[in-house]
Amino acid sequence: MAGNTRYLRNFFIYNHLFSFTFWSNIGLAMKNELFTSVPNSFIEVGLDKNIYSFPPSYTNNQQYKTNVGWVVIENTTESLSLSEITDHNVRRLIILLHNFRKGSRLQNLTLTNMSVDWKNFIKVLQAVWYSSIEYLNINNITQKGDVTSSHFDYSDTSMKALTLNKVLITDMYFSQDDIYNIFANMNIAALTIAESELIHMVCPSSDSPFRYINFAKNDLTDLLFQNCDKLIQLETFILHRNKFESLSKVSFMTSHMRSLRYLDMSSNLLRNGRAEVRCQWTDSLSELDLSSNQLTESVFECLPISINKLDLQNNQIASIPKGIAELQSLQELNLASNRLADLPGCGAFTGLEILNIERNLILTPSAHFFESCPSVKELQAGQNPFKCSCELQDFLRLERQSGGKLSGWPAAYVCKYPEDLSGTQLKDFHLTELACNTTLLLVTALVVTLVLVAVVAFLCIYLDVPWYVRMLWQWTQTKRRAWHDCPEERETALQFHAFISYSERDSLWVKNELIPNLEKGEGCIQLCQHERNFIPGKSIVENIINCIEKSYKSIFVLSPNFVQSEWCHYELYFAHHKLFSENSNSLILILLEPIPPYVIPVRYHKLKALMAKRTYLEWPKERSKRALFWANLRAAISIHLSVADEQIRTEV
């Protein structure tokens, strides 16, 4: 087993270097599928890392055409590359190959642009089989003439790998098994038939030593290797770009391949419906490439349990269903270029370490991904149409906390929506916590509202706003009743020179000093006093309003007793309202006794304002100054006195 591993490894290295030399010399657009498609895990099996170059040898890499017709591309001790092989020179080629018997140092042979009939092709292949050549590459081969059944001796060979690229068979009527059997029963480690319109391959007649098969870019279908139990050593199977349709049939194809580790089914026509038969994969499969097919989310119901690396990019998967079988061995999952709208959870992938979900339809990725996927070490989620909104804030916070687990950050993470933020990198998108946290926003709004309500309530209580509202309501109601009850008196005539507002405790001064000096003296001033001029049956508020409106002036006798009287406050409020509503200068303030500021209640802010802004008369304690006081008071009242007298005379 170890010997076979070393041979296979040498085949990979030599063939790769040989193909590279061939490319450099003739510039053909040719690629060796055997090496470009082999996974790392397969190459590493039994790899002796010290073997990376050929031993020194005499080389002649200059192209030249020989006298037998073919072109020599490369000619070294270990490698030979010839081009333009035809039926005319194939006999000379067979003779040449007979010279390289066992023990020769020649190990690599490449034949390009080969155009021979089937019999000559078999003869060349048989000659190589008996030689020291281990790696045979034939590129651009055209089979001419009829295909007939041929015997082939597989015994006693040094061959390890055969590569056929771009095979064209011109015979339209032949038994396909005549061709398939030749290749299916080869006792070599690696077989490649690529870009050859291959439509089928028969199962080997006995246990096959194939460890590597590459049938890329052909026309193979679901009929390939069904019920074939002879490929027991096959480890790598490449079926890229064929015409497979049923994933369940592919799984049955692998069920007997008990050594298979890597399967490439990319770029086929695979689909998997729920109605299909249950899938049955080989237990040894660890890497599966199903990219570029037509698979939907139902594919997760048809996956090998032992899979370690799974490629599902470029399919039609919209979600990962719940309740699927757990893929505990899965470490790497590629879901790029699908239709996923969010990051998948890891409920079924508990061991997942690498996830690629680029180029999907993710607007706002879930922020709980790493919580549900604790073993993930790398997340590739770039190139999605991210919507930069509050919902994205949690994902941005996740990036800061992930410790570099987001691959491609920040260049691959760009806002798509809204349009005004299109092209903005996610790292440059910021919103305040208050704008995105609904609970915090509601709590803040509630707190602000409560504070405002508390402030307004405090101000209302401090400024006695309810009292003023009540007074305004009473004044409005009184005016409304007066309007409806006596419409003919809408234009109220002035009947008094002044209305007197005073505290009952100051009534002696009003009756003994104020009224006698104003009414009995010169000028005949008419005063409105509540004791004699209020109309019985009406409310006190209504009488106060009527007296104020029928008076040219309003005299307020201020004292500590005044500010303690509720009714005095009413009278001051209504008089002040008239002052502003009629834009008149109708208030006269008499300070009977000094009033300390702390004695004035808070709701008397109008009184404080009036005393601060308006000139008031102060009652003098000295008798010698009282004459001047009365003169000033009469002068304040007698403004437009003639008009008032005329109105009074008219009423009389």
Side-chain angles (χ1 to χ4, degrees), residues 390 431-482 499-506 530 538-549 553-618:
C390 288
L431 286 176
T432 62
E433 185 70 20
L434 183 61
C436 294
N437 193 325
T438 305
T439 303
L440 181 60
L441 181 61
L442 292 176
V443 171
T444 302
L446 180 60
V447 170
V448 171
T449 302
L450 292 177
V451 171
L452 289 177
V453 170
V455 170
V456 171
F458 173 77
L459 292 176
C460 288
I461 296 173
Y462 182 79
L463 300 177
D464 206 9
V465 173
W467 185 90
Y468 286 104
V469 172
R470 188 169 64 252
M471 289 301 98
L472 180 60
W473 171 255
Q474 292 183 357
W475 180 84
T476 304
Q477 291 298 100
T478 300
K479 296 292 288 185
R480 185 184 63 80
R481 286 196 298 269
F499 166 71
I500 306 173
S501 177
Y502 58 92
S503 172
E504 191 64 31
R505 296 181 181 180
D506 299 325
H530 65 273
K538 291 186 176 182
S539 66
I540 297 176
V541 174
E542 190 172 355
N543 275 313
I544 292 174
I545 293 174
N546 288 335
C547 281
I548 291 175
E549 290 184 346
K553 298 283 185 176
S554 294
I555 300 173
F556 290 90
V557 181
L558 304 179
S559 68
N561 298 323
F562 182 92
V563 299
Q564 300 299 324
S565 172
E566 186 76 17
W567 293 111
C568 289
H569 194 196
Y570 290 160
E571 293 166 353
L572 179 63
Y573 174 81
F574 294 131
H576 192 260
H577 182 77
K578 179 183 178 182
L579 172 67
F580 283 97
S581 62
E582 298 180 2
N583 196 21
S584 63
N585 189 17
S586 60
L587 293 182
I588 299 175
L589 303 179
I590 299 175
L591 185 60
L592 184 61
E593 296 179 13
I595 305 176
Y598 63 85
V599 176
I600 303 176
V602 175
R603 65 186 180 187
Y604 276 57
H605 63 92
K606 284 187 172 62
L607 177 60
K608 292 181 179 180
L610 290 173
M611 292 182 67
K613 296 179 180 180
R614 301 180 70 87
T615 303
Y616 54 86
L617 297 173
E618 187 174 356

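We count residues from 1, following the sequence as given.
Atom CD1 in I555 sits 9.0 Å away from atom CG in L617 (nearest 0.5 Å). In this structure, L589 CG and S554 OG are separated by 10.0 Å, a value rounded to the nearest 0.5 Å. The line from CZ of F556 to CD1 of I588 is 10.5 Å long, rounded to the nearest 0.5 Å. The OG atom of S559 lies 11.5 Å from the CD1 atom of I590; values are rounded to the nearest 0.5 Å. In this structure, the separation between CG on D506 and CG on L592 is 5.0 Å, given to the nearest 0.5 Å.
Residues passing the side-chain contact (heavy atoms from CB on, under 4.5 Å) test with E618 are L591, sequence neighbours excluded.
Summarising the geometry of P560 relative to P594, their closest heavy-atom pair is CG-O, 3.7 Å, with the distance given to 0.1 Å.
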Show me the side-chain donor-acceptor pairs of residues 442-458 shorter than 3.5 Å, one per line, residues at least two apart or across chains.
unit_1, atom_1, unit_2, atom_2, d
T444, OG1, L440, O, 2.7
T449, OG1, A445, O, 2.7

